[in-house]
2 protein chains.
Amino acid sequence: MDTLAPKGGETPFLKDEELRQGIEMMFYAYRDFTAEPDVILTRFGFGRAHHRVIYFVGRYPGMTVSSLLGILQITKQSLNRVLGQLVREGFILQKTGVEDRRQRLLELTDKGRSLEMELTANQRERFARAYRDAGDDAVAGFRKVILGLMTSDEDRDRFDYDDDAGG
Amino acid sequence: MDTLAPKGGETPFLKDEELRQGIEMMFYAYRDFTAEPDVILTRFGFGRAHHRVIYFVGRYPGMTVSSLLGILQITKQSLNRVLGQLVREGFILQKTGVEDRRQRLLELTDKGRSLEMELTANQRERFARAYRDAGDDAVAGFRKVILGLMTSDEDRDRFDYDDDAGG
DNA sequence: GAATTACGTCAGCGAGTTTGACATAAAAAT
DNA sequence: ATTTTTATGTCAAACTCGCTGACGTAATTC
């Protein structure tokens with residue numbers, strides 16, 4: 001980094017600068033957040049898409065293909081290439097649903113759980129360090145803001161958030 | 001969403017649950033954060049990579065190719081296809097450096113700035129809303145945590161952060 | 001019995017990344 | 001002045017990962 005200075009050094013409008021910093025912080029944080037798992041994944045011939053599938057199946061054992069599609073927001077064709085690979089290679093198990101036999105309930109095998117743990121360990125440590133260094137109040141603020149960045153309440157509701165909404 | 005409940009409902013270990021929520025919040029927020037610009041980009045036949053280039057060139061006018069590579073952390077071959085496209089189509093201008101004539105200093109054309117504004121408007125609004133709803137203290141906490149998620153001080157130093165580090 | 005739902009699959013396309021090798025021009029080092 | 005390093009660009013091949021569109025099957029619902 002050499003002669004780099006953000007444009008508008010005289011802060012003609014503080015708000016814009018503040019918001020742009022938000023945009024950039026998201027970029028840098030996400031870039032670093034995914035970098036190390038990506039390295040592990042290449043050892044298995046997998047990519048980031050595999051990570052996401054493994055992560056969410058580990059998180060919600062017995063989840064359906066539909067709900068996974070709803071979370072990832074990709075097409076079933078895109079998912080199926082990745083998911084099929086994980087099933088064929090023994091990382092994920094599909095069980096026919098009991099109530100609705102059309103469903104294929106997904107869960108990790110031991111092999112899958114092992115990879116999930118290795119991948120997630122890094123990201124957990126990253127958050128543990130950031131949370132510890134920032135302190136509890138900062139963490140509460142972080143959660144408030146990042147939940148506010150999401151588009152849908154459906155996603156926000158996955159987290160126990162206490163907005164002023166709760167009467 | 002149907003019968004989805006995170007594994008470990010009895011919170012056998014609060015920490016793990018807290019950290020996993022962090023991981024997931026990052027995923028959902030980033031997914032939504034990029035979704036709408038992606039739609040605009042397809043109108044121009046561009047992708048997310050073009051957005052990043054346009055954004056950072058707009059942010060740091062006169063930046064070099066090297067520093068852009070340093071920020072994006074991709075290979076020059078990857079960058080060059082995207083960057084070359086943006087130059088050929090008149091969104092970005094390359095000027096030979098004055099001090100170092102090997103450098104190609106990058107800046108947006110009017111056309112480029114116009115697209116940059118359209119793309120960024122959405123993300124700025126998203127942050128404006130999230131920041132406003134969360135309040136100043138929460139924003140300060142958000143910044144602390146998300147800066148802590150980054151790997152390098154070099155990136156943290158792009159932001160005016162007041163950690164206890166500043167003796 | 002017909003319509004809908006959950007899931008899968010074949011085929012093709014394109015963006016975006018990678019590695020590796022090579023080329024040119026300018027600057028820096030000797 | 002020559003050599004080495006730096007900044008940038010380019011050719012080629014491969015792979016991930018998303019997309020659209022079409023079609024198929026089994027199970028459920030109407």
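Letters A, B, ... are given to chains in the order of the sequence lines, protein chains preceding strands, and every chain is numbered from 1. The figures that follow rest on heavy atoms only: side chains count, while hydrogens, waters and symmetry mates do not.
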Next on the checklist: Classify Gln85(B) by what it touches in the nucleic acid, base, sugar-phosphate, or nothing, heavy-atom distance under 4.0 Å.
Outcome noted: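 Result for Gln85(B) = nothing.
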Checklist entry - If you look at every strand shown and take non-hydrogen atoms under 4.0 Å, does Gly97(B) touch a base, only sugar-phosphate, or nothing? => result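 The answer is nothing, as Gly97(B) stays clear of every strand by at least 4.0 Å.
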[N] phosphate, OP1 or OP2: any side-chain N/O from [X] under 4.0 angstrom?
X	N	value
Gln103(B)	dA25(C)	no
Arg101(B)	dA26(C)	yes
His50(A)	dC17(D)	yes

Next on the checklist: Under a 4.0 Å threshold between the charged nitrogen and the carboxylate oxygen, would Asp110(B) count as salt-bridged to Arg113(B)?
Outcome noted: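 Answer for the salt bridge query: no.
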Item to check | Glu24(A)/Arg158(B) salt bridge by N-O under 4.0 Å criterion | outcome: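 Glu24(A) and Arg158(B): not salt-bridged.
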Checklist entry - With nearest nucleotides of DNA chain D determined for Arg102(B) and Arg52(A) from heavy-atom distances, which residue corresponds to the more 5′ nucleotide? => result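 Comparing both residues, the 5'-ward one is Arg102(B).
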Next on the checklist: Reading DNA chain D from 5' onward, which residue's closest nucleotide shows up sooner: Glu99(A) or Gly45(A)?
Outcome noted: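 Upstream on the strand: Gly45(A).
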Next on the checklist: Students often mix this up, so state it plainly: with edges at 30° and 60°, are the rings of Tyr60(A) and Phe56(A) parallel, tilted or perpendicular?
Outcome noted: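 The arrangement is parallel - the two ring planes meet at less than 30°.
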Item to check | Ile54(B)-Leu93(B) co-clustered via ILVMFWY side chain contacts under 4.5 Å | outcome: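 No: no chain of side-chain contacts under 4.5 Å links Ile54(B) to Leu93(B).
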Next on the checklist: Starting from Val87(B), can I reach Leu69(B) by hopping between I/L/V/M/F/W/Y residues whose side chains sit under 4.5 Å apart?
Outcome noted: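 Yes, Leu69(B) and Val87(B) fall within the same hydrophobic cluster.
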Checklist entry - Got a donor-acceptor contact below 3.5 angstrom from the Arg129(A) side chain to the Gly148(B) backbone? => result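 Yes; at least one donor-acceptor contact below 3.5 Å.
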Next on the checklist: Tell me which residues in residues 75-84 of chain A lie within less than 4.0 Å of DNA chain C, going by non-hydrogen atoms.
Outcome noted: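 Hits under 4.0 Å, by residue number: Lys76(A), Gln77(A), Asn80(A).
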Nearest of [options] to any side-chain atom of [X]?
X	options	result
Arg104(A)	dC17(D), dA26(C), dG8(C)	dG8(C)
Ile74(A)	dC7(C), dG18(D), dG8(C)	dG18(D)
Thr64(A)	dC7(C), dA7(D), dG16(C)	dC7(C)

Item to check | Ring-ring centroid check Phe91(B) Phe46(B), cutoff 6.0 Å | outcome: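 Distance test on ring centres: under 6.0 Å, yes.
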Next on the checklist: Rounding to an integer number of Å, can you tell me how far Asp38(A) CG sits from dT18(C) P?
Outcome noted: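 For the pair Asp38(A) CG and dT18(C) P, the rounded distance is 10 Å.
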